[in-house]
Structures are given as C-alpha cells and as structure tokens.
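Here, residue 1 is the first one in the sequence, and each next residue gets the next number. Here the structure is a predicted model, which is why all the values come from computation and not from measurement.
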Amino acid sequence: MQNNSSSRSRFWQSRFWQSWLLRGVAGGVLLLPVACVHPPGVSAAAAVASPVPAGAARIWFYREYEPSVSLNDANVFLNGTPAATVPPDGSALYRNVAPGRYRVSVETFGTDVNQAKDLDLAPGQDAFVKIESLRGWVSGGDMSEFNRDTFYVSVVSPQIARTELVNHPLSGG
C-alpha cells in the first residue's frame, strides 16, 4: 500500500499540474491590472455611466464613506423638488436635467451656511455635488444618546471630483 503523503507529493510535483497552475497564475496576474484600471481622469462611476443625452446636462451627487460621521441617507432637492437620495456608502449617482439654473439643497436637521448652492448648467455640462455631513449638530438624551445630522452641499470642480470618484461605485442614474 502506498503512502498517501507520497502520492499527494507526486501529484503536486507533476508537470501537468505545474503547467496548469502556472497558466492560471499568469493569466490572473495579466488580467488584474485590466480589471482595476480606468482611463486617466475617469471615475469608476463615470466609466459605466451612459453618455449625457443630447441637449441635457448632468448633475452628479456623491458622498465620502465616513461611518463614524453619518450612516443616514441625504435627501437632495433641485429647485425644491426631490431629486436624489445619496447613500452614505460612498456610491455616486447622477440625474440628467434640462440646462438652466438650479438651486441644490439638502434635507437637514440643523440650519447652517452652505446647505444650498446654485448651479448654472449648459447643454452637455457635468456638475459635481458632494454632500458632506456634520454629526451631532443636535445631540443629547437622558436615557439614551441621539444625534441629528446636518448636511452640506459643496459644488466640486470636475478635476477634483473625478479624482475623488475614482473608487466610487455607481448606485443609480
């Protein structure tokens, strides 16, 4: 009767197995950079987004994933009308809109500066809106702790936004 360890050893040392193992590792190494790289200046979200429709403009909404700050959704409004719910998970989403002037605001508990911004959009233009939060605008509690989020609107330049969005998944369009 053969020793099991010696038969296993011969299997792993066989040229057939080594050949397939080498091919698998080499193939994986070759495909890894292709799977992880987007063209320069293109975010993961933008790489999978459809082109802006003719005659329209696009507003991108995103947040950085900051679990210690807020895990609440941020409801965004365009000219007072609900437009998007931006999740706290770091994903990005966009809305195609008619060119024109928009007041971007966010539903928030506290009233502060920079909670609304105005955008003037031309056809084919991309605008980037980053939602930021301040946890604990109001907090307290006798028997249990509570916090209320205050959200802020930042209009980010396309160059900065594209670098920030490199690793953001697209959550909706």
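- By the side chain to side chain contact (heavy atoms under 4.5 Å, CB included) test, Pro158 pairs with Phe128, Arg162, sequence neighbours left out.
- For Pro53, the side chain to side chain contact (heavy atoms under 4.5 Å, CB included) criterion is met by Ala56, Arg58, Asn96, not counting sequence neighbours.
- Residues Val155 and Val106 fall within the same hydrophobic cluster, defined by Ile, Leu, Val, Met, Phe, Trp and Tyr side chains chained together at heavy-atom separations under 4.5 Å.
- Across all their heavy atoms, Gln125 and Asp120 have their closest contact at OE1-O, 3.5 Å.
- Within the 4.5 Å cutoff, side-chain heavy atoms of Asp126 are placed close to those of Trp60.
- Remark: Ala57 pairs with Val97, Leu121 by the side chain to side chain contact (heavy atoms under 4.5 Å, CB included) rule, at least two apart or across chains.
- Here Glu64 pairs with Tyr62, Glu66, Lys130, Glu164, His168 under the side chain to side chain contact (heavy atoms under 4.5 Å, CB included) rule; sequence neighbours left out.
- Atoms CD1 and OH, from Ile131 and Tyr152 in turn, are 12.5 Å apart once rounded to the nearest 0.5 Å.
- Residue Phe151 holds its CZ atom at 13.0 Å from OG of Ser105, rounded to the nearest 0.5 Å.
- Looking at heavy atoms from C-beta onward, Leu78 lies in side-chain contact with Val104 at the 4.5 angstrom threshold.
- Pairs of residues two or more places apart, or lying in two chains, that qualify as side chain to side chain donor-acceptor pair (under 3.5 Å) and include a residue from residues 76-88 are Asn75-Thr85.
- The distance from the CG atom of Leu119 to the CZ atom of Arg101 is 9.0 Å, given to the nearest 0.5 Å.
- Contact annotation: the side chain of Pro87 approaches that of Leu93 to within less than 4.5 Å [non-hydrogen atoms, C-beta and beyond].
- The shortest heavy-atom contact between Ala84 and Phe61 is CB-CD1, 4.0 Å.
- When all heavy atoms are compared, the tightest approach of Pro99 to Ala122 is CB-C, 4.0 Å.
- To the nearest 0.5 Å, atoms CD1 (Ile160) and CG (Leu165) are separated by 11.5 Å.
- Between Val86 and Val129 there is no side-chain heavy-atom pair separated by less than 4.5 Å.
- The backbone N or O of Val153 sits nowhere less than 3.5 Å from a side-chain atom of Glu132 that would complete a donor-acceptor pair.
- Between the CG atom in Asp149 and the CG atom in Asn72 there is a gap of 4.5 Å [rounded to 0.5 Å].
- Closest approach of Tyr94 and Ser50 over heavy atoms only: OH-OG, 3.2 Å.
- For Asp89, the salt bridge (charged side-chain N to carboxylate O under 4.0 Å, His left out) criterion is met by no residue, not counting sequence neighbours.
- Of all the heavy atoms in Ala83 and Arg95, the pair that sits closest is O-NE, 2.8 Å.
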Next on the checklist: Is there a side chain to side chain contact (heavy atoms under 4.5 Å, CB included) between Arg63 and Ser133? Walk through the geometry before answering.
Outcome noted: CA-CA 9 Å; Arg63 290 172 61 186; Ser133 65; 4.2 Å; yes
